[in-house]
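One structure below.
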Amino acid sequence: MGLGLADVVATAAAVADAPARNDKVAALAELLGRADRRELSIVIGLLVGDLRQGRIGVGWSTVGSLDIEPVGEASIEVSEVDHAFDEIAFTSGDGSAQRRHDVLAALWARSTAAEQAFLGAVLTGGLRQGALEGVMVTAVAKAAGVPVASVRRGTMLSGDLGETAQIALGDGRAALDSIGLRPGRAIGPMLASTSASVADAMGEFDTAVVQAKLDGIRLQVHRSGDGVRLYTRNLNDVTERLPDVVALTRSLDGEPFVLDGELIGVGSESPELFQDTASTFSSGGGSGRVDLVLSVFDALHLDGEDLIDLPLETRLARLEARMGHVVLPTITTADVAEAEAFEAEILDGGHEGVMVKDVSSPYAAGRRGKAWRKVKPVHTFDLVVLGAEWGHGRRTGWLSNLLLGARDGDDFVMVGKTFKGLTDAMLEWQTAALKELEAEPVDGVPQDRAAITVFTRPELVVEIAIDGVQRSTTYPGGLALRFARVKAHRPDKIAAESDTIDTLRSML
DNA sequence: AGTTATGCTTC
DNA sequence: CTCGTCC
DNA sequence: GGACGAGGAAGCATAACT
């Protein structure tokens, strides 16, 4: 008898109900202890909402349209769920939508109400049990009786928690610790935290490496012999899409190697807009509208040697010696003024900002550490609230997502939405304030989500921070905000004095 | 053959 | 991608 | 400090619909 889906559902419920992380871990570890080797990847995939088969093309709309009577008694095994997901994932071509739907419906028809709800949550990314991969790593360690650090390390180097769990529980500590970086296999990329300024970021370090932050797509570049593999930040294999980058990679010295870099569209003088980089990237490189160029900023493995535990300074020296011509603009300095001058130069070149890194730090794969800090300019504007959407999940009952307008003469044109930057107190306040302003929508406000939207008179001013603007075909002003977040409500200001669409346009 | 709906992935 | 909240 | 979950914009792919 294999593990039942009902066992997984019961554990998920226990995890969701337990506020303390330790209790979540205990519940997960107990379940892992009951799974056999083959089931581990499946169970982990279900419970962290990241299936073994990746995304299978079933989302909110499909799940919501299923109206199938649940059964009273649980009978499905997790291996059967896995099999159904496999079938859905690998079916394509004419008529495939129907076949995929049939497989899903058959699964639903055999499920209890609780199982249907759980599977639906998994497929729509709505688990909300307060435990995803981070907690699961700890649970795997507990179930296997090994240190969390070992599991974390194995997961980052293998890029796969399910596989790591199989090794930890099945083969033991020694096998787990022998997982190593292997050119050709993706590894979790090191992530950065944010600093408000270069001076802030440098305050933490004796000496800093400062590098241009390019507004493109993170790319992990592997080469072993003639074998080349290219992975995105989320470890998706995009090798086939980027023949030019593959050719470049084959031309570099020092294989086997693993590099960390950024892929960016480059025009005659300045970098292209991110939109154009992304467009070219997703439609297959060579035939795109812009030239995609790889810039490298770190080396994890070079000349067949692991570098991740060596200081950044050493990694960069090795990188520079081997392939200096593909390394992006970099300086090493202890002087804040020098770093700021470099930042100004980079921004002047049309780039996004700079990264400030501790010169002595190892490559912390898969971690968001303080050794790397990103510094990007922030722009602030006074915009006007045109409406708000009711929130979901922990924001249920609050007006959450604000519809933002810029002034255009006496009118207002919508330029984006945001739900970010709001504290619970601000949500409470704006919910009451916006209800008072409820009105018919003004012109130029999309009404596709009218059912969950409260439209308002354009009166409440909000201070909005953005990273920049981008072209838009969905908003009437032809422009949309990038990474908008609320800094403050400004009921003391009047809408007639808010910022204009022309001011925003000047940023394009 | 063109348009629409849905899902996915980058930031 | 950003931010606030919670453990 | 780590982990989670709130939900954004653009652009592409695929299959169904018209």
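Numbers restart at 1 for each chain; the letters A, B, ... are given by sequence-line order, proteins then strands. No experiment lies behind these values; they were computed from the predicted model shown.
Across all strands shown, S61(A) has heavy atoms under 4.0 Å from sugar-phosphate atoms exclusively, and none from any base. Note on T277(A): nothing from the nucleic acid sits closer than 4.0 angstrom, heavy atoms only. Residue contacts shown for N22(A) are absent, as no nucleic acid heavy atom lies under 4.0 Å away. Across all strands, V486(A) comes closer than 4.0 Å to no nucleic acid atom at all (heavy-atom distances). Contacts of R100(A) with the nucleic acid, taken as non-hydrogen atoms under 4.0 Å apart, are absent. Here A484(A) lies out of heavy-atom contact (under 4.0 Å) with every strand. At a threshold of 4.0 angstrom between heavy atoms, the contacts of R21(A) include nucleobase atoms, whether or not backbone atoms are also involved. Within 4.0 Å (heavy atoms only), A20(A) reaches sugar-phosphate atoms of the nucleic acid but no base atom. Residue contacts shown for Q129(A) are limited to sugar-phosphate atoms, with no base heavy atom under 4.0 Å away. Counting any heavy atom pair closer than 4.0 Å across all strands shown, I56(A) reaches sugar-phosphate atoms only and no base atom.
Straight-line distance from the CG atom of L402(A) to the P atom of dA9(D): 12 Å, rounded to whole Å. In this structure, CZ of F419(A) is placed 14 Å from P of dT5(C), rounded to the nearest angstrom. A straight line from CZ of R99(A) to P of dA15(D) spans 10 Å, rounded to a whole angstrom. Atom CZ in R395(A) sits about 7 Å away from atom P in dG7(D), given to the nearest Å. If you measure from atom CG of L191(A) to atom P of dT2(C), you get 11 Å, rounded to the nearest angstrom.
OP1 or OP2 of dA3(D) sits under 4.0 Å from a side-chain N or O of R152(A). Distances shorter than 4.0 Å separate some side-chain N or O of K376(A) from OP1 or OP2 on dT2(C). A close approach under 4.0 Å does not occur between any side-chain nitrogen or oxygen of S92(A) and OP1 or OP2 of dT14(D). Side-chain N/O atoms of K420(A) include none lying less than 4.0 angstrom from OP1 or OP2 on dG4(C). A close approach under 4.0 Å does not occur between any side-chain nitrogen or oxygen of R482(A) and OP1 or OP2 of dT2(C). Note on R128(A): every side-chain N or O is 4.0 Å or more away from OP1 and OP2 of dG5(D). The phosphate of dA6(D) (OP1 or OP2) has no side-chain N or O of H392(A) nearer than 4.0 angstrom. One finds a side-chain N or O of K374(A) lying less than 4.0 angstrom from the OP1 or OP2 phosphate oxygen of dT2(C).
Between E133(A) and G391(A), the one whose closest nucleotide on DNA chain D sits nearer the 5' end is E133(A). Nearest-nucleotide assignment on DNA chain D puts the 5′-proximal partner with R368(A), out of R368(A) and T473(A). Checking D424(A) against F483(A), the closest nucleotide of DNA chain C that is more toward the 5' end is the one next to F483(A).
Of the residues listed (R482(A), K213(A), R485(A)), the one engaging D467(A) in a salt bridge (Lys or Arg N to Asp or Glu O under 4.0 Å) is R485(A), and it is the only one.
With dT2(C), dG7(D), dC11(B) as the candidates, the nucleotide lying closest to the side chain of R449(A) is dG7(D). For I217(A), the side-chain atoms get nearest to dT10(B) when compared with the rest of dT10(B), dA3(D), dA15(D). Taking only side-chain atoms of R55(A), from C-beta outward, the nucleotide of dC8(B), dT10(B), dG1(D) with the closest atom is dC8(B). Of all nucleotides listed (dC11(B), dT10(B), dA13(D)), dA13(D) comes nearest to the side chain of S283(A). Closest to the N236(A) side chain, of the nucleotides dA15(D), dG11(D), dT10(B), is dT10(B). Considering only side-chain atoms of D467(A), the nucleotide from dT2(C), dA15(D), dA10(D) that sits closest is dT2(C). Closest to the Q470(A) side chain, of the nucleotides dA10(D), dA6(D), dC12(D), is dA10(D). For T232(A), the side-chain atoms get nearest to dT10(B) when compared with the rest of dT5(C), dT10(B), dG8(D). Across dA10(D), dG7(B), dG1(D), the shortest atom-to-atom separation from the side chain of T62(A) is found for dG7(B). Out of dC11(B), dG7(D), dG1(D), the shortest distance to the side chain of N401(A) is found at dG7(D).
Taking 4.5 Å as the limit, every side-chain heavy atom of D160(A) sits out of range of all side-chain heavy atoms of R185(A). At a threshold of 4.5 Å between non-hydrogen side-chain atoms, the residues R152(A) and P147(A) do not count as touching.
The closest donor-acceptor contact from the side chain of T277(A) to the backbone of G265(A) lies under 3.5 Å. In this structure a side-chain-to-backbone donor-acceptor pair under 3.5 Å is missing from T474(A) to S472(A). In this structure a side-chain-to-backbone donor-acceptor pair under 3.5 Å is present from E262(A) to G216(A).
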Handout entry: Worked verdict on R395(A) versus S400(A) for side chain to side chain donor-acceptor pair (under 3.5 Å)
Key = CA-CA 7 Å; R395(A) 291 193 175 188; S400(A) 172; 3.0 Å; yes
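In this structure, E204(A) does not pair ionically with K370(A), as no charged nitrogen and carboxylate oxygen lie closer than 4.0 Å.
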